Amino acid sequence: MSVSIKSPREIELMRHAGKLLEEVFNKLAELIRPGISTWEINKKGEEYIRECGCIPNFLNYEGYPAAICTSVNEAVVHGIPSKKIILAEGDIISLDCGLIYEGYHSDMARTFPVGEIADNARRLIDVTRQSFFEGLKFAYAGNHLHEISAAIGNYAESFGYGVVEDLVGHGIGTSLHEDPPIPNFPCKSRGIRLRAGMTLAIEPMINEGTYEVDWLDDDWTVVTADRKLSAHYENTVLITDGEPELLTLSR
C-alpha cells in the first residue's frame with residue numbers, strides 16, 4: 001500500500017479545494033425543501049462547483065452520471081439524481097460530492113432533514129455525525145488507522161445502529177480515491193501508522209437497522225437491505241503534527 005504524503009504546497013491546494021467545497025455545501029443546504037427534485041439539486045450543485053472555477057469530480061467518475069450523489073431515506077450512497085424523485089416533508093437526504101481545484105480533490109457528505117423529520121431520523125443523523133468526531137479523536141500522527149475505524153463503529157453500534165461494511169472511506173489527493181481504505185468498523189489489524197501530511201476522506205455510513213446493503217438495478221444506488229433509514233457524514237481530513245485539520249469544515 002502506497003499512501004501519499006502531501007507537501008506544504010499540495011496541502012495549501014487541498015486546503016483551498018476543501019474550502020471551496022464547503023462553500024458549495026452551504027449553498028446546497030439552502031436548497032433542501034419539500035417539492036424540490038434531486039435533479040434540480042444536482043443541476044444547481046454542478047453550477048456552484050463550476051462557478052468557483054472547479055471541476056465536479058464525481059461527474060463521469062467510473063460512469064457515474066451526475067455531479068452530486070443524492071441519496072434519499074433508505075439510500076445509503078450513490079443515489080442518482082432524477083426529475084422523478086421529489087423531496088417530501090419528513091424525508092432525509094444525503095448529499096455527497098467533491099471538486100477538483102488545480103488538480104487536487106476534495107470530498108464531503110452530509111445528511112439533511114427535509115422540513116420537519118421524525119425523532120428517529122434526527123437521532124440517526126446526529127449519531128452519524130458524532131461517530132465521525134469520535135473517530136477524529138484518533139486521527140493523530142503516530143496512531144494507527146484502524147483506531148479511527150474502531151471508534152466510529154463502536155460509537156454507532158452502541159446506539160443499536162448498523163455500520164456499513166461494504167463501503168469505506170479512502171485517501172484523497174490528486175485522485176479522488178487513493179490508499180488507504182478507511183473502514184468504519186473495528187478491524188483485526190491495526191492498520192497503517194498515521195503520518196503528518198496524509199489526507200483522508202473519513203465517512204461513516206450508518207444504518208438505522210441492519211448493516212447489510214443492496215445495490216439497485218441502476219448499478220449505483222446502494223440501499224439498506226431492510227429499507228430502513230441511512231445517514232452519511234464525511235470530511236476531508238489532514239493529518240498534522242498536532243490536531244487533525246478538517247479541510248471541508250471550518251466551523
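Please read all numbers here as calculations on a predicted model, not as lab measurements. Values below: every heavy atom of this structure, side chains too, minus hydrogens, waters and symmetry copies.
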So which atom in [X] and which in [Y] form the shortest heavy-atom distance, rounded to 0.1 Å?
{"X": "Y104", "Y": "M14", "result": "CD2-CG, 3.7 Å"}
{"X": "L145", "Y": "P181", "result": "CD2-O, 3.4 Å"}
{"X": "A201", "Y": "I172", "result": "N-CG2, 4.1 Å"}

Checklist entry - Counting only N and O atoms by type, is there a donor-acceptor contact under 3.5 Å from the side chain of T221 to the main-chain atoms of L216? => result no
Next on the checklist: So does G142 get a backbone contact from the side chain of R193, meaning a donor-acceptor N/O pair under 3.5 Å?
Outcome noted: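 Looks like yes, one N/O pair under 3.5 Å.
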Check ion pair [X]-[Y] (N to O, under 4.0 angstrom):
{"X": "E47", "Y": "K43", "answer": "yes"}
{"X": "E245", "Y": "R15", "answer": "yes"}
{"X": "R129", "Y": "E203", "answer": "no"}

Verify the distance criterion only: is there a donor paired with an acceptor across the side chains of [X] and [Y] at less than 3.5 Å?
{"X": "Y48", "Y": "E23", "value": "no"}
{"X": "D107", "Y": "H177", "value": "no"}
{"X": "S230", "Y": "K228", "value": "no"}
{"X": "H146", "Y": "S189", "value": "yes"}

Next on the checklist: Show, in sequence, the C-alpha distance, side-chain angles and deciding distance for K44 and E40, and conclude whether the salt bridge (charged side-chain N to carboxylate O under 4.0 Å, His left out) test is met.
Outcome noted: CA-CA 6 Å; K44 296 297 291 185; E40 188 175 350; over 6 Å; no
Checklist entry - Going through the checks in order, is the side-chain contact (heavy atoms from CB on, under 4.5 Å) test met by E243 and Y140? => result CA-CA 7 Å; E243 296 265 343; Y140 285 79; 3.2 Å; yes
Next on the checklist: As a quick check of understanding, evaluate side-chain contact (heavy atoms from CB on, under 4.5 Å) for L167 and H78, giving each step before the final call.
Outcome noted: CA-CA 11 Å; L167 301 145; H78 305 159; 4.2 Å; yes
When rounded to the nearest 0.5 angstrom, what distance separates [atom1] in [X] from [atom2] in [Y]?
{"X": "I148", "Y": "L136", "atom1": "CD1", "atom2": "CG", "result": "7.5 Å"}
{"X": "I192", "Y": "D179", "atom1": "CD1", "atom2": "CG", "result": "8.0 Å"}
{"X": "L249", "Y": "K19", "atom1": "CG", "atom2": "NZ", "result": "13.0 Å"}
{"X": "L20", "Y": "T248", "atom1": "CG", "atom2": "OG1", "result": "12.0 Å"}
{"X": "H170", "Y": "T199", "atom1": "NE2", "atom2": "OG1", "result": "10.5 Å"}
{"X": "I85", "Y": "D91", "atom1": "CD1", "atom2": "CG", "result": "10.5 Å"}

Under a 4.5 Å cut-off applied to non-hydrogen side-chain atoms, are [X] and [Y] in contact?
{"X": "Y233", "Y": "T111", "value": "no"}
{"X": "N207", "Y": "D226", "value": "no"}
{"X": "N235", "Y": "I202", "value": "no"}
{"X": "V223", "Y": "V213", "value": "no"}
{"X": "T38", "Y": "I86", "value": "no"}
{"X": "I49", "Y": "Y101", "value": "no"}
{"X": "V114", "Y": "P34", "value": "yes"}
{"X": "E12", "Y": "H16", "value": "no"}

Checklist entry - Are I92 and M205 connected in a single hydrophobic cluster, I mean Ile/Leu/Val/Met/Phe/Trp/Tyr linked by side-chain heavy atoms less than 4.5 Å apart? => result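 M205 does not cluster with I92.
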Checklist entry - According to a 4.5 Å side-chain heavy-atom criterion applied to Ile, Leu, Val, Met, Phe, Trp and Tyr, with indirect links allowed, do V76 and V163 form part of one hydrophobic cluster? => result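 Looking at the clustering, V163 is in a separate group from V76.
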Item to check | Aromatic ring pairing F58/Y64, orientation class (parallel under 30°, perpendicular over 60°, tilted between) | outcome: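 Judged by the thresholds at 30° and 60°, the geometry between F58 and Y64 is perpendicular.
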Item to check | salt bridge (charged side-chain N to carboxylate O under 4.0 Å, His left out) evaluation trace for D214 with R227 | outcome: CA-CA 9 Å; D214 296 328; R227 301 308 192 262; 3.0 Å; yes
Checklist entry - Between E178 and K6, is a salt bridge (charged side-chain N to carboxylate O under 4.0 Å, His left out) present by the stated rule, with each step listed? => result CA-CA 12 Å; E178 298 183 352; K6 309 304 188 295; 3.7 Å; yes
Item to check | Worked check of side-chain contact (heavy atoms from CB on, under 4.5 Å) between T128 and F159 | outcome: CA-CA 10 Å; T128 300; F159 290 85; over 6 Å; no
